[in-house]
Amino acid sequence: MKFGVVVFPGSNCDRDMQDALQNDLNKEVIMLWHKDKDLSMFTTNDCIVLPGGFSFGDYLRCGAIARFSPMMQSVIEFANNGGKVLGVCNGFQILCESHLLPGVLLSNGQQKFACKNVFIKTDKSEPLKIPIAHGDGRFYADEKLLNQLEANNQILFRYCDEHGIVDEKNNPNGTVRNIAGIRNNNGNVFGMMPHPERATSSELNNIDGKKVFEILGLN
Amino acid sequence: MTYNVQIKVMPLKELLDPQGKAVMGGLKNLGIHSVEDVRVGKHVTLQIEAASETEAKQIADETAKKLLANAVMEFYEIEMIN
């Protein structure tokens, strides 16, 4: 599996993502500029990553302008053909704005930028320690959509404590139902606020991020 | 003809607006206690070249729907100025 990492003006986790994928997960990585649109070197077995950052300065709404970059038109087509797409942090916001994922990410409920290690888990996994760093990470969708996401197993990760307890105390941004990450109905587009690429090296004292890539089938 | 259009974009009423909440806190610190609620949105002005007011309004509506506002979290109102 090959990876493409899209660089937007204002992306700032693109090199972290490249480094984690290349050096910690031993993957081939091709960096992609947002103004290009050629994805012909990728097949649907490969994965395009939208990294974290502040694309276009977060002007208007986070991810709203990046959605119209030429490369995003190719990424949308790639995803619709079944190719894998992962959006982390700002990448998650771009996926929601692009309608590749449902819902939206609102500014944090507690009016603070949240930058710390948190725990997240799937329905089956142990709690994983992964860093977050965002001001707009409060996932929101209406009740009907949330019920639909739960019924289709589209909720990937929820915030929890170190023992795996999911509750309001361990919700860092006011997100509905403690949601930290979701996938689309087809299971090929993934979005999450926490940064797994910041936790894939033992030199950083945390390799839980590797387990996130495993859970997503991107290892 | 050029038409001047104003678009008001506001967070949906049922959603918590942290910006408004922060401004509310600032007002309290200022000693203004009579303000009961604050919500912060965006005010966008467009200059649109169109054949008629109806066409200008249509273009403004498309702009708001596709880019300026996200219906999951916001609503918008369009006002023609001239």
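Computed from a predicted structure; not experimentally measured. Note on naming: letters A, B, ... go to the chains in the order of the sequence lines (proteins, then strands), and numbering restarts at 1 for each one.
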Report yes if the side chains of B:M73 and A:R138 come closer than 4.5 Å at any heavy-atom pair, otherwise no. no
Can you tell which part of B:L68 gets under 4.5 Å to a heavy atom of chain A, answering side chain, backbone, both or neither? both
Return yes when atom CD of A:Q111 has more than 12 non-hydrogen atoms of other residues, nucleotides or ligands closer than 6.0 Å, and no otherwise. yes
When rounded to the nearest 0.5 angstrom, what distance separates NZ in B:K21 from CD in A:Q110? 8.5 Å
With a 4.5 angstrom heavy-atom cut-off, which part of A:N108 approaches chain B: side chain, backbone, both or neither? backbone
Applying a strict 4.5 Å limit to non-hydrogen atoms, the region of A:L106 in contact with chain B is side chain
Would one find more than 12 heavy atoms of other residues, nucleotides or ligands at under 6.0 Å from atom OH of A:Y59? no
Greatest number of heavy atom pairs closer than 4.5 Å to chain A - which of B:N70, B:V72, B:V9: B:N70
Atom OG of A:S107 and atom CG of B:D17: how far apart are they, to the nearest 0.5 Å? 7.0 Å
Taking A:R67 for the side chain and B:L67 for the main chain, is one N or O donor matched with an acceptor at less than 3.5 Å? no
Which atoms of B:Q19 come close to chain A, meaning under 4.5 Å heavy atom to heavy atom: side chain ones, backbone ones, both, or neither? neither
Please check if the number of heavy atoms outside B:E14 that lie under 6.0 Å from its CD is greater than 12. yes
Surrounding NZ of B:K42 (heavy atoms of other residues, nucleotides or ligands, distance under 6.0 Å), is the total greater than 12? yes
